[in-house]
Each structure stands twice: as structure tokens, then as C-alpha cells.
Amino acid sequence: LLHPPMIEHAGLVATLRWYVRGFEERSGIAVRLDADEDLGRMTAETATALFRVIQEALTNIHRHSQSESATVRLKRQNGTLELEVADEGRGLPAELIENIDELGAFGVGLASMKERIKVLGGTLRVESGSEGTRLTATLPIRETQDQARLMENSERVV
């Protein structure tokens with residue numbers, strides 16, 4: 001599914017809880033999900049992109065890291081959404097991190113995650129070493145059209 005319908009009905013955090021439980025059962029990897037209960041309203045495009053980045057990051061951890069655990073953090077801070085996915089695995093080869101942009105045409109997971117975040121005006125940083133890998137995405141908070149209309153109308157009333 002290009003857009004998981006559960007996100008619209010239950011919200012991103014509830015959808016992530018559901019996905020993480022299933023991922024733990026399938027992979028045997030313990031995942032700690034630390035997400036603000038109220039991330040505020042966000043566009044469907046933003047929620048879907050965040051879900052897909054987390055999904056791809058956890059899949060990469062399962063396939064490549066040999067880590068027994070992972071952490072997913074999603075917070076709203078200072079006008080941004082901050083996502084962090086980390087493991088305690090064997091780390092990524094330095095040449096992969098250095099060449100993320102060139103790998104984009106081949107649909108490599110890291111490059112596609114970086115592109116998803118970039119399209120939304122955000123950045124993706126990858127740090128990796130012998131003690132694990134950490135992906136950090138920062139996105140500007142984009143209001144939905146409904147929020148923008150409400151704010152515009154409330155400014156007229158005041």
C-alpha cells in the first residue's frame with residue numbers, strides 16, 4: 001500500500017505501535033518506540049513518508065545490522081518533527097554513507113529515505129560505526145490545509 005489507511009483513521013503513532021509489534025514478532029528484534037502522543041496535525045504526505053522511512057530503516061536493521069534491538073524516536077520540537085532510528089549493530093560501510101546520493105537512481109534504501117525526507121523540505125543524517133547506526137531526520141512542520149484555513153479565519157476574527 002502506498003498510503004497505509006490505518007494512518008488516517010488511527011493516526012501515525014498508533015500505526016507505528018501496531019507496525020512495531022508486528023516487526024518485533026517477525027524479526028525477533030526488540031524495538032523501543034518513543035513517540036510524542038500528540039505530534040500535532042500533519043499532512044497525509046508527511047505521515048506516510050515518516051512511516052515509510054521508519055519501515056525501511058527497521059527492515060535494514062533486520063537484514064543487515066545483526067542488532068538485537070532498535071530504538072525509534074519521533075518528537076515535535078521547535079517547529080520541526082525529529083525522527084531518529086538507531087540500532088546497536090555492526091554499522092554501515094563508510095563508502096555506502098559517502099555515496100548515498102549517487103545510489104539514489106538504483107532505489108537503494110538509504111537513498112530513498114533521504115529523498116522522501118528531502119521532498120518534504122527536511123534533512124536526513126546517517127551516523128554509523130562499530131557500535132551501531134543512527135538515522136536522524138528533521139522535517140519542518142507543515143500545516144494541513146484545514147489548519148491553515150482555521151488560522152487564517154481566526155486572524156480575521158481577532
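Applying the ring-ring contact (aromatic ring centres under 6.0 Å, His included) definition to pairs two or more places apart or across chains, none involves residues 28-50.
Ionic pairing of Asp38 and Arg76 is not present here: no N-O contact between side-chain nitrogen and carboxylate oxygen is shorter than 4.0 angstrom. Taking 4.0 Å as the cut-off between side-chain N and carboxylate O, Arg73 and Glu82 do not count as a salt-bridged pair. A salt bridge links Glu37 with Arg17: the closest approach of a Lys/Arg side-chain nitrogen to an acidic carboxylate oxygen falls below 4.0 angstrom.
Just one of Asp34, Thr136, Leu135 meets the side chain to side chain contact (heavy atoms under 4.5 Å, CB included) condition when paired with Glu84; it is Thr136. A side chain to side chain contact (heavy atoms under 4.5 Å, CB included) with Thr15 holds for exactly one of His9, Met6, Glu8; it is Met6.
No side-chain donor-acceptor contact under 3.5 Å links Thr48 to the backbone of Glu45.
Nearest heavy atoms, Pro140 versus Gly121: CD-O, 3.5 Å. Scanning both residues, Ser67 and Glu88, for their nearest heavy atoms gives OG-N, 3.1 Å. Of all the heavy atoms in Leu12 and Ala47, the pair that sits closest is CD1-O, 3.7 Å.
Rounding to the nearest 0.5 Å places CG of Leu39 at 4.5 Å from CG of Leu74. From Ile117, atom CD1 reaches atom OG1 of Thr46 across 8.5 Å, with rounding to the nearest 0.5 Å. Separation of atoms CG (Asp87) and NE2 (His64) is listed at 11.5 Å; rounding is to 0.5 Å. For the atom pair CH2 of Trp18 and CD1 of Ile7, the computed distance is 9.5 Å after rounding to the nearest 0.5 Å. The distance from atom CZ of Arg134 to atom CG of Leu92, rounded to the nearest 0.5 Å, is 13.0 Å. Residue Met42 holds its CE atom at 9.0 Å from CG of Leu139, rounded to the nearest 0.5 Å.
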For side chain to side chain contact (heavy atoms under 4.5 Å, CB included), just list the numbers for Met113 and Val126, CA-CA rounded to whole Å, side-chain angles, deciding distance to a tenth of an Å, and then say yes or no. CA-CA 11 Å; Met113 286 187 271; Val126 181; over 6 Å; no

Might you work through the side chain to side chain contact (heavy atoms under 4.5 Å, CB included) test for Thr138 and Arg125, ending with a clear yes or no? CA-CA 9 Å; Thr138 304; Arg125 189 174 73 245; 5.8 Å; no

Starting from the C-alpha separation in whole Å, work towards a yes-or-no answer on side chain to side chain contact (heavy atoms under 4.5 Å, CB included) for Leu58 and Val72. CA-CA 9 Å; Leu58 290 175; Val72 176; 4.2 Å; yes

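For the pair Ile61 and Val31, the minimum side-chain heavy-atom distance is 4.5 Å or more. In this structure, the side chains of Arg32 and Ser69 stay at 4.5 Å or more apart for every pair of heavy atoms.
No more than 12 heavy atoms of other residues, nucleotides or ligands lie within 6.0 Å of CD in Glu131, so this atom counts as exposed by the packing criterion. Within a 6.0 Å radius of CZ in Arg63, other residues, nucleotides and ligands contribute 12 heavy atoms or fewer. When the shell of 6.0 Å around NZ of Lys118 is examined, it contains 12 or fewer heavy atoms from other residues, nucleotides or ligands.
The side chain to side chain donor-acceptor pair (under 3.5 Å) test applied to Arg90 returns no partner, not counting sequence neighbours. In this structure Ser128 satisfies the side chain to side chain donor-acceptor pair (under 3.5 Å) test together with Thr133, sequence neighbours excluded.
Cation-pi contact between Arg116 and Phe51: absent, since separation from the ring centre below 6.0 Å together with deviation from the ring axis within 45° is not met.
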